[in-house]
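Structure first, commentary second.
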Amino acid sequence: FIQQEGCVVTTFKITQYCGECDGYGKVADRNPINPGHSLVDCEECDGTGDIAHQEEYDSITDAQNDYPRARFTYVQSPIR
């Protein structure tokens, strides 16, 4: 990622549905000894159904191009 001189870079929190549980926050816990199953919290998203991380972009349009199905939150940068 190369920043052009004079460009303002914004940090976004990018939130997507968890791919492991399809955004439900629960997965089936199957035991070969017991054919029944129970729903347990997804380990990938800690039961929230969402995966989030932060990245810097020149604009929200650039972020949406990389993550078309995500939700975005502006992260306030510290004053320099």
Side-chain angles (χ1 to χ4, degrees):
F1 179 74
I2 300 172
Q3 182 179 349
Q4 295 178 355
E5 188 175 328
C7 286
V8 176
V9 176
T10 305
T11 302
F12 293 97
K13 177 182 175 185
I14 301 165
T15 306
Q16 298 178 284
Y17 289 118
C18 176
E20 187 70 25
C21 66
D22 294 326
Y24 291 105
K26 302 283 184 190
V27 293
D29 181 27
R30 294 195 181 264
N31 181 337
I33 297 171
N34 180 359
H37 71 275
S38 60
L39 294 177
V40 296
D41 283 347
C42 176
E43 291 182 11
E44 195 69 29
C45 66
D46 295 324
T48 65
D50 292 326
I51 301 290
H53 68 282
Q54 293 184 8
E55 285 189 37
E56 292 182 339
Y57 282 95
D58 293 332
S59 69
I60 194 163
T61 303
D62 290 343
Q64 288 171 328
N65 288 337
D66 284 351
Y67 300 97
R69 295 176 166 240
R71 298 179 310 275
F72 301 92
T73 306
Y74 289 98
V75 177
Q76 186 170 358
S77 301
I79 298 173
R80 295 179 188 186

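The two residues V75 and K13 make their nearest non-hydrogen contact at CG2-N, 3.6 Å. Nearest heavy-atom pair, Y17 versus G23, reported as atom, atom and distance to 0.1 Å: CD2-CA, 3.9 Å. Between C45 and T48 the shortest heavy-atom distance is O-OG1, 2.9 Å. Shortest non-hydrogen contact noted between G25 and C21 is N-SG, 3.1 Å.
In this structure the side chain of E56 never reaches within 4.5 angstrom of the side chain of T10, judged on heavy atoms. When side chains are defined from C-beta on, Y24 does not count as touching L39, because their heavy atoms never get closer than 4.5 Å.
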- Decide side-chain contact (heavy atoms from CB on, under 4.5 Å) for D46 and D41; before the verdict, give the C-alpha distance in whole Å, the side-chain angles of both, and the deciding distance to 0.1 Å. CA-CA 6 Å; D46 295 324; D41 283 347; over 6 Å; no
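Put simply, CD on Q16 and CZ on R71 are 9.0 Å apart, with the number rounded to the nearest 0.5 Å. The CD1 atom of I14 lies 13.0 Å from the CD1 atom of I51; values are rounded to the nearest 0.5 Å.
In this structure, F72 and F12 have perpendicular ring planes: the angle between them is above 60°, well past the 30° mark.
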